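In this chain, numbering begins with 1 at the start of the sequence shown. A quick note: this is a predicted structure, and the numbers were derived from the prediction, not measured. Ligands are counted one by one from 1 in listed order, and the atoms in each one are counted from 1 as well.
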Amino acid sequence: MFIRYKKNHEKIAMGLLSFMPDLKDIKKLQTTMKDYESDESLQLLLWKEEEIIGVAGLNLSQEGIIKIQHISVNPSFRAQGVGKAMVKAIIEQYPDKEVQPTDDVAEFFGKCDLPGNETPA
Ligand SMILES: CC(C)(COP(=O)(O)OP(=O)(O)OC[C@H]1O[C@@H](n2cnc3c(N)ncnc32)[C@H](O)[C@@H]1OP(=O)(O)O)[C@@H](O)C(=O)NCCC(=O)NCCS
């Protein structure tokens, strides 16, 4: 399940976000964390099972649209459906909005077995 980011999650959130290809640079990662902490149109969600193992960063600045701009899972827990479960949970959390990926997230989003993502027969 998702929990909302709080300041005491900063280390784990940064560790998870650092797996995003666009956040390999530490300066960029720090700026991005500050943005999530200060910009009300950005939201960081942490995926918690026994422990926190994933993060999703959302941009809510466009009316009616939820942009997934970051998504990352702890490498020890990958390929077990966690990433897909996170995308599904975001869609369920915002039933009235259109959930879209940014270019950085599009490749994985395309694999998420979502309505409209089916390959034509
Ligand atoms: C992308 C990521 C979040 C997927 O999490 P996960 O829990 O391993 O994903 P799931 O187990 O739910 O889904 C696995 C599927 O995602 C695919 N996948 C994994 N990483 C991917 C990537 N970077 N781009 C596209 N597809 C990816 C797998 O090939 C697999 O496909 P299949 O269902 O056709 O076999 C995880 O690999 C990660 O944290 N990567 C580093 C951060 C990153 O690059 N994020 C942006 C990805 S575009």
Atoms of ligand 1 close to I71 [distance to a heavy atom under 4.0 angstrom, numbered from 1]: 3 (C), 42 (C), 43 (C), 45 (N), 46 (C)
4.0 Å heavy-atom contact, V87 with ligand 1: no
Protein contact for atom 23 (N) of ligand 1 (heavy atom, distance under 4.0 Å): no
Atom indices of ligand 1, in the order listed, that fall short of 4.0 Å to a heavy atom of Q80: 11 (O)
Residues, nucleotides or ligands: over 12 heavy atoms within 6.0 Å of K24 NZ: yes
Location of contacts on A79 toward ligand 1, heavy atoms closer than 4.0 Å: backbone
Per-atom contact, atom 30 (C) of ligand 1, protein heavy atoms, under 4.0 angstrom: no
Closest protein heavy atom to atom 11 (O) of ligand 1, given as residue, atom name and distance to 0.1 Å: G81 N, 2.7 Å
Side chain, backbone, both or neither: A106 near ligand 1, heavy atoms under 4.0 Å: neither
Contact partition for K111 relative to ligand 1, non-hydrogen atoms under 4.0 Å: side chain
Over 12 non-hydrogen atoms of neighbours within 6.0 angstrom of CG in N8: yes
Residue and atom name of the nearest protein heavy atom (relative to atom 44 (O) of ligand 1), distance in Å to one decimal: P21 CD, 3.4 Å
Under 3.5 Å: donor-acceptor pair, side chain of K67, backbone of L58: no
Atom 2 (C) of ligand 1: any protein heavy atom closer than 4.0 Å: no
Note: E10-K7 ion pair, threshold 4.0 Å (strictly below): yes
Under 3.5 Å: N/O of G83 near N/O of ligand 1: yes
Test item: protein heavy atom less than 4.0 Å from atom 35 (O) of ligand 1: no
Short side-chain donor-acceptor distance under 3.5 Å, N59 and S61: yes
Side-chain ion pair, K111 and E107, N-O less than 4.0 Å: no
Shortest protein contact, atom 15 (C) of ligand 1 (heavy atom only): K84 CE, 3.9 Å
Part of H70 within contact of ligand 1 (heavy atoms, under 4.0 Å): neither
For atom 47 (C) of ligand 1, closest protein heavy-atom neighbour: F108 CB, 3.9 Å
Check: D104 N/O within less than 3.5 Å of ligand 1 N/O: no
Sequence neighbours excluded and cut-off under 3.5 Å, please list the side-chain donor-acceptor pairs for residues 42-56, or say none.
{"unit_1": "Q43", "atom_1": "OE1", "unit_2": "Y94", "atom_2": "OH", "d": "3.2"}
{"unit_1": "W47", "atom_1": "NE1", "unit_2": "E49", "atom_2": "OE2", "d": "3.0"}

